[in-house]
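Here's the structure, in structure tokens; my notes come after.
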Amino acid sequence: CIVNIPLTRVTIMRKTHSEKNMLNNFLKEHAYRLYQTSSPGSN
Amino acid sequence: IATHPLRNFQDMVYVGNITIGTPPQEFQVVFDTGSSDLWVPSILCTSPNCSSHVMFRHNESSTYRPIRQIFSIEYGRGRMKGVVGRDTVRIGDLVSTDQPFGLSVEQSGFEGMPFDGVLGLNYPNLSFTGGIPIFDNLKNQGAISEPVFAFYLSNKPEGSVVMFGGVDKSYYQGALNWVPLIQPGDWRVRMNRISMEGQIVACYGGCEALVDTGESSIIGPRRLVNKILRFLGAKPRGSEHYVSCSAVNTLPSIDFTINGINYPVPAQAYTIKDSSGICYINLEADPESTSTETWIVGVVFLRQYFSVYDRGNDRIGLAQA
């Protein structure tokens, strides 16, 4: 009656905290610019 | 153009496939004992990183039912906001009908993560969506014979497994040691001490250990993590600490004593070699300090020890994997 679900080990690239913050800040700014340049009502 | 070299090393999580909806839409999720909600990215998501994941198309599922409710979850490494819906969720042969789950509308911190969403296996009281968690739903619907699940996390890319409804003894050796939860409602147990070479280095007089399959590292209070790093002779590099890879074989194990039984984690398990040949110590300091000393024992620990989560008796079983 046991249901086995196979799992896959996947690697993630871990970054130092300061680098993580830099990346997050970049993504926030980048996303903001994308919103600014997209037309209203678009996806 | 200014370039800045990023120093990365590979950490790891374990993912499995589930499907949601009719016809089924497949997602890769982390099976996480540290949280209680199931969520996946949705086509409603406005965050740029959602598009790099599989997104749930609610309008293409005949069994999808919306719930007019919003929620947000903050994890150690990311956060998401979403809406709650219900649909049929399949995990292998298990089918959970009318399962509440989150459809992310905004998410951050999951950039580049090799999974789409999270499937929480913790108790219902920790749910942010307010819906019944999938394991409780499966239990109530009579889909599983016993209210237990268990994890075997292999060092190899394949071969790991989460099992529902019972324990397959071929995945562990020796005795399965049961540890009662501090209180039903969280996979948290009392730990006696953390020692190295017979010397207590943390958890003097006892502390708490949260057994978390969704966390890759071992996380503890900053002061005590620093003490262990000093004990190991690790050198700081940015916010991480490293040792020479040639010294790894000489480093002691970190011994976690839980319910009077010693669970050593050898140096080969708590170090990660990066692409440039440096070995980082996979211990992290918890930025949030709490009055109770709490350690989160994640994949680093759970690759050594097969773990059983017994909802029927509110206890965790540990055995040599």
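Convention: sequence-line order gives letters A, B, ...; per-chain numbering from 1. Atoms considered below: every heavy atom in the structure, side chains included; atoms not considered: hydrogens, waters and symmetry mates. Here the structure is a predicted model, which means the values were calculated and not measured.
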Quiz item: Side chains of B/Ser52 and B/Asn49: is there a donor and an acceptor less than 3.5 Å apart?
Solution: no

Quiz item: With respect to chain B, which residue among A/Leu7, A/Asn4, A/Thr8, A/Val3 yields the maximal number of heavy-atom pairs within a distance under 4.5 Å?
Solution: A/Leu7

Self-check item: Atom group of B/Ile43 that falls short of 4.5 Å from chain A, counting heavy atoms
Solution: neither

Quiz item: Among B/Ser154, B/Ser160, B/Gly92, B/Gly165, which residue forms the greatest number of heavy-atom pairs with chain A at distances under 4.5 Å?
Solution: B/Ser160

Quiz prompt | Pairs involving residues 49-59 of chain B, ordered by first then second residue, that meet salt bridge (Lys or Arg N to Asp or Glu O under 4.0 Å) (sequence neighbours left out) | solution = B/Arg57-B/Glu60

Quiz item: Just checking, is any N or O donor in the side chain of B/Thr19 or B/Glu26 under 3.5 Å from an acceptor N or O on the other one?
Solution: no

Quiz item: Who wins among B/Pro114, B/Gly159, B/Gly16 for the most heavy-atom pairs under 4.5 Å with chain A?
Solution: B/Pro114

Practice problem: Only counting residues at least two apart or in another chain, list the ones meeting side chain to side chain contact (heavy atoms under 4.5 Å, CB included) with B/Pro133. | Solution: B/Ser36, B/Pro124, B/Asp136

Exercise. Report the residues that fulfil salt bridge (charged side-chain N to carboxylate O under 4.0 Å, His left out) with B/Glu74, sequence neighbours left out, ordered by chain and then residue number.
Key: B/Arg79

Practice problem: Verify the distance criterion only: is there a donor paired with an acceptor across the side chains of B/Tyr309 and B/Ser307 at less than 3.5 Å? | Solution: yes

Quiz item: Any luck finding a side-chain donor-acceptor pair between B/Asn137 and B/Gln99 under 3.5 Å?
Solution: yes

Exercise. Heavy-atom distances under 4.5 Å only: say whether B/Phe31 touches chain A with side chain, backbone, both or neither.
Key: side chain

Self-check item: Residue selection (most heavy-atom pairs with chain A, distance under 4.5 Å) from B/Leu153, B/Asn17, B/Leu94
Solution: B/Leu94

Self-check item: Under 4.5 Å from a heavy atom of chain A, the part of B/Val299 involved
Solution: neither

Quiz item: Residues of residues 138-147 of chain B under 4.5 Å from chain A (heavy atom pairs)?
Solution: B/Ser145

Quiz item: Can we call the ring centroids of B/Phe151 and B/Phe306 under 6.0 Å apart?
Solution: no

Quiz item: Would B/Glu284 and B/Ser217 count as a side chain to side chain donor-acceptor pair (under 3.5 Å) if you check the C-alpha gap in whole Å, the side-chain angles of each, and the deciding distance to 0.1 Å?
Solution: CA-CA 7 Å; B/Glu284 278 191 63; B/Ser217 304; 2.9 Å; yes

